Amino acid sequence: MPTSETPVLEFVLTNYKNFNARATRDALLAYWEHISKGGRMFWSVAGAMSSAQLGITLAPAIRAGLIHGLSVTGANLEESLFRLVAHTAYKDFPEYRYFTKQDDTRILEQRMRRVTDTSIPEDEAFRAVEKLVVPMWKGASERGERRFWHEYFYEFIQALDPSVYEGDPEACWLLEAARHRLPIVVPGYEDSTFGNIFASYVKTGECNASIVKSGIEYMADFYDRYAELSAGQGVGFFQIGGGIAGDFPICVVPSTKYDLQKPVKPWAYFCQISDSTTSYGSYSGATPNEKITWDKLTETTPMFVIESDATIVAPLMLRALLECQAQPEQANALIARQRTPKFTW
């Protein structure tokens, strides 16, 4: 049993020897090595990670300087906010695998929106936040302001009175990212609940669509953000799931090289946690080697694929990394004692 001040790290090193466990351990150690040398890490978060409360470990990791930028879906952005203001109104459904269509209809009638085994409350989350966000949009429309999607949420969440918090603010990754002014891209933000709500106000003429900068403008700005992040020891890419949250930011490297025709550092590390199977043209299931052919990664980039559930793996890795950050000498000594040799050709 672990007895040190780094019990999760010790547990991983002791027990995670092969298969996806080995990939998890090796990705963790390479992450820590990169950060220890002064490197940065950029996270791509797809899926419903905010509803799954990944913020419990994601927010402390941001505070500790283990995460330096994010690409998130519009859903993950807003759902971090929902967990902060409507947490007690959420309902969990651990028996969801056995639900009938009638069971889900009853959930609908209760004005809950199920996400696997939990649910987002319509009135306490969507409609309560709408009452506060829409005036911001309308004011921006009147003033002719233009901002990125996440900047409205950064302003909103920091302006909230703590008296309205229902969730733990220390577990709200969006609040922590806003406080640290982390660079964020939210590609395809239109595909989210508040993207739909915003579209409805544009349709009625109450808001101007131009107040939100486009995805193209996100990429145009991200060229500069990537240059800043990759300075020095470079920036790694840690990906949960697939889709646009991952593919959008990782393309900044080949786009800088081929489209802007400027020198650019390659990504310094790559790890993906995904349970997607490799299939015809699937980005989510594509192996890292395929990214070499697109000039997103190189043959010397440390690459890891963990075929598992991110809600299990990511908190474990983050907790171990937080231990390393808090006790670096002890962590490094433990790693040195338990490191296993790699096969070499």
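In this chain, numbering begins with 1 at the start of the sequence shown. If you're wondering where the values come from, they're calculated on a predicted model, not measured in any experiment.
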Please find the pair of heavy atoms, one from [X] and one from [Y], that lie closest to each other, and give the distance.
| X | Y | result |
| --- | --- | --- |
| T256 | P263 | CG2-O, 4.2 Å |
| L297 | M303 | CB-CE, 3.9 Å |
| D103 | Y98 | OD2-O, 4.2 Å |
| C172 | S80 | SG-OG, 3.5 Å |

Practice problem: Would you please say whether a donor-acceptor pair under 3.5 Å links the side chains of S214 and E217? | Solution: yes
Exercise. State which residues pass side chain to side chain donor-acceptor pair (under 3.5 Å) with T88; sequence neighbours excluded, sorted by chain then number.
Key: E166
Exercise. Please name all residues satisfying side chain to side chain donor-acceptor pair (under 3.5 Å) with D168, sequence neighbours left out, ordered by chain then number.
Key: none
Test your reading of the model: is there a side-chain donor-acceptor pair from [X] to the backbone of [Y], 3.5 Å cut-off?
| X | Y | result |
| --- | --- | --- |
| K17 | L13 | yes |
| S230 | V235 | no |
| N76 | V45 | yes |
| Y31 | L318 | no |
| R111 | E122 | no |

Going by an N to O cut-off under 4.0 Å, is there a salt bridge joining [X] and [Y]?
| X | Y | value |
| --- | --- | --- |
| R83 | E79 | no |
| E109 | R106 | no |
| K101 | D104 | no |

Examine [X] and [Y] and state if one hydrophobic cluster contains both, with Ile, Leu, Val, Met, Phe, Trp and Tyr joined whenever side-chain heavy atoms are less than 4.5 Å apart.
| X | Y | value |
| --- | --- | --- |
| L260 | V253 | yes |
| M136 | V164 | yes |
| V85 | L132 | yes |

Quiz prompt | T193 and N196: CA distance, side-chain angles, deciding distance, side-chain hydrogen bond (donor to acceptor under 3.5 Å, both in side chains) verdict | solution = CA-CA 5 Å; T193 297; N196 295 162; 5.7 Å; no
Exercise. Please lay out, stage by stage, how S255 and Y223 fare under the test side-chain hydrogen bond (donor to acceptor under 3.5 Å, both in side chains).
Key: CA-CA 9 Å; S255 185; Y223 291 126; 2.7 Å; yes
Practice problem: Sort and list the pairs that fulfil side-chain hydrogen bond (donor to acceptor under 3.5 Å, both in side chains) and have at least one residue in residues 318-327, not counting sequence neighbours. | Solution: E5-Q327
Quiz item: When the ring centroid of W267 is compared with that of Y226, is the distance short of 6.0 Å?
Solution: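 When the ring centroids of W267 and Y226 are compared, they turn out to be within the sub-6.0 Å range.
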If you look only at distance, which donor and acceptor atoms sit under 3.5 Å apart when one is on a side chain in residues 181-190 and the other is two or more places apart or in another chain?
| residue | atom | partner | partner atom | Å |
| --- | --- | --- | --- | --- |
| Y189 | OH | K213 | O | 3.1 |

Can you give each donor-acceptor pair under 3.5 Å made by side-chain atoms of residues 54-66, sequence neighbours left out, with the distance rounded to 0.1 Å?
| residue | atom | partner | partner atom | Å |
| --- | --- | --- | --- | --- |
| T57 | OG1 | L54 | O | 3.4 |
| R63 | NH1 | E170 | O | 3.2 |
| R63 | NH1 | E170 | OE1 | 3.4 |
| R63 | NH1 | E176 | OE1 | 2.8 |
| R63 | NH2 | E170 | O | 3.3 |

Exercise. Determine which pairs satisfy salt bridge (Lys or Arg N to Asp or Glu O under 4.0 Å) with at least one residue from residues 224-244, sequence neighbours left out, and list them in order.
Key: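 Passing the test, one end in residues 224-244: D221-R225, R225-E228.
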Self-check item: Over 12 non-hydrogen atoms of neighbours within 6.0 angstrom of CG in D191
Solution: no
Quiz item: Above 12 or not: heavy atoms from other molecules or residues under 6.0 Å from OH of Y165?
Solution: yes
Quiz item: Which distance, rounded to the nearest 0.5 Å, do you find between the CD1 of I273 and the CZ of F304?
Solution: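 Going from the CD1 atom of I273 to the CZ atom of F304 covers 12.5 Å.
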Exercise. Evaluate ring pair (Phe, Tyr, Trp, His ring centres under 6.0 Å) for F42 paired with F222, printing each intermediate quantity in order.
Key: CA-CA 12 Å; F42 185 88; F222 193 51; 5.3 Å; yes
